[in-house]
Amino acid sequence: MQWILENLPQILELTVDHLLLTVPAVLAAFLLALPLGRLAVRLPRLREALVGGIGLLYAIPSLPLFIVLPLILGTSIREPVNAVMALTLFGLALMVRSAADAFGSVEEDVRLAAVAVGHSAAGRFLTVELPLAGPALLAGLRVVSVSTISLVSVSAVLGITSLGSLFTDGFERGIVASIVAGIVMTAVLALVLDLLLVALGRVLMPWRRPAPRRAGSREAARAAERGAA
């Protein structure tokens with residue numbers, strides 16, 4: 001505990017670095033998955049090939065990908081953009097299937113009704129399909145965020161600063177407290193980001209909130225139970 005208190009500023013700085021790698025990758029994966037998931041629904045014959053092919057990206061070992069991407073992009077291996085690109089690909093591999101399932105859950109009758117009332121393709125997507133697919137999209141986004149936060153730590157092996165730096169430094173110097181701090185802060189960060197996504201979902205999708213039960217309804221239910229007894 002003493003080591004953690006003495007190095008708290010460094011831990012907080014690494015937490016910020018971790019977030020700066022996580023948030024852009026999660027957002028990019030989410031935004032890229034929306035059109036791909038919708039395309040998979042509109043072209044059912046290509047659905048499995050599209051979703052399955054992109055899903056295979058997750059099978060690529062993370063460390064080799066972090067090393068290969070700089071060669072493709074022509075960047076330095078320690079530049080954060082390499083980690084963000086790799087994390088985006090991993091997030092996309094998870095999010096595309098979630099997006100396809102989410103848009104696939106929107107019934108065709110609802111789409112036809114939106115067309116009948118005069119919605120354009122963009123208007124139908126933004127005001128009908130996206131809100132109805134929102135809960136499933138949020139569930140997929142939560143999985144991607146937790147997975148991304150975990151994978152960010154791998155980039156520390158290449159010298160990209162994040163909470164993973166606490167692991168590598170702790171192993172090299174034999175400081176158990178550093179390793180423990182890295183594990184705990186990574187878990188806390190994943191939990192906080194997940195809670196923020198849940199709160200954001202409640203704000204953007206208020207129709208998902210359970211309707212409050214009225215006092216009169218409770219009294220009526222109790223009276224019915226007494227009558228049945």
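We're numbering straight along the sequence, starting at 1.
- For residues 183-195, every residue pair satisfying the salt bridge (Lys or Arg N to Asp or Glu O under 4.0 Å) rule, not counting sequence neighbours, is listed here: R142-D194.
- Here the shortest heavy-atom pairing between T186 and G182 reads OG1-O, 2.7 Å.
- The distance from atom CZ of R47 to atom CZ of R97, rounded to the nearest 0.5 Å, is 7.0 Å.
- Rounding to the nearest 0.5 Å places CG of L132 at 11.0 Å from CE of M205.
- Between L87 and A25, the closest heavy-atom pair is CB-CB, 3.5 Å.
- Remark: the backbone N or O of V84 is paired with a side-chain donor or acceptor of T88 at under 3.5 angstrom.
- Atom CG of L138 sits about 9.0 Å away from atom CG of L204, to the nearest 0.5 Å.
- Residues S162 and L21 approach most closely at CB-CD1, 4.3 Å, considering heavy atoms.
- Clustering ILVMFWY residues whenever any of their side-chain heavy atoms sit less than 4.5 angstrom apart, transitively, puts I11 in the very cluster that holds L14.
- The distance from the CG atom of L163 to the CD1 atom of I183 is 11.5 Å, given to the nearest 0.5 Å.
- The two atoms that bring L137 and F103 nearest to each other are CD1-CZ, 4.3 Å, heavy atoms only.
- The two residues L69 and N82 have their closest heavy-atom pair at CD1-O, 3.7 Å.
- Side chains of L94 and Y58 form a contact here, defined as non-hydrogen atoms less than 4.5 Å apart.
- Contacts classified as ring-ring contact (aromatic ring centres under 6.0 Å, His included) and involving residues 128-181 (residues at least two apart or in different chains) are not found.
- Smallest separation of non-hydrogen atoms from V51 and A100: CG2-CB, 4.0 Å.
- Within the structure, side chain to side chain donor-acceptor pair (under 3.5 Å) contacts touching residues 7-23 (residues at least two apart or in different chains) are D17-T161.
- One finds the CE atom of M95 at 11.5 Å from the CG atom of L32 (value rounded to the nearest 0.5 Å).
- Put simply, V192 and V152 are part of two different groups of oily side chains (I, L, V, M, F, W, Y) that touch within less than 4.5 Å, one to the next.
- Under the 4.5 Å side-chain criterion, counting only non-hydrogen atoms from C-beta, V68 is in contact with I72.
- For the atom pair CZ (F90) and OG (S150), the distance works out to 11.0 Å, reported to the nearest 0.5 Å.
- At a threshold of 4.5 Å between side-chain heavy atoms, the hydrophobic network of Ile, Leu, Val, Met, Phe, Trp and Tyr places V41 and L31 in one connected group.
- Cluster annotation: L193 and L20 are assigned to distinct hydrophobic clusters (Ile/Leu/Val/Met/Phe/Trp/Tyr, side-chain heavy-atom contacts under 4.5 Å, transitive).
- One hydrophobic cluster holds both L151 and I60 under the rule that ILVMFWY side chains link at heavy-atom gaps under 4.5 Å.
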As a quick check of understanding, evaluate side-chain contact (heavy atoms from CB on, under 4.5 Å) for V184 and V180, giving each step before the final call. CA-CA 6 Å; V184 171; V180 173; 4.1 Å; yes
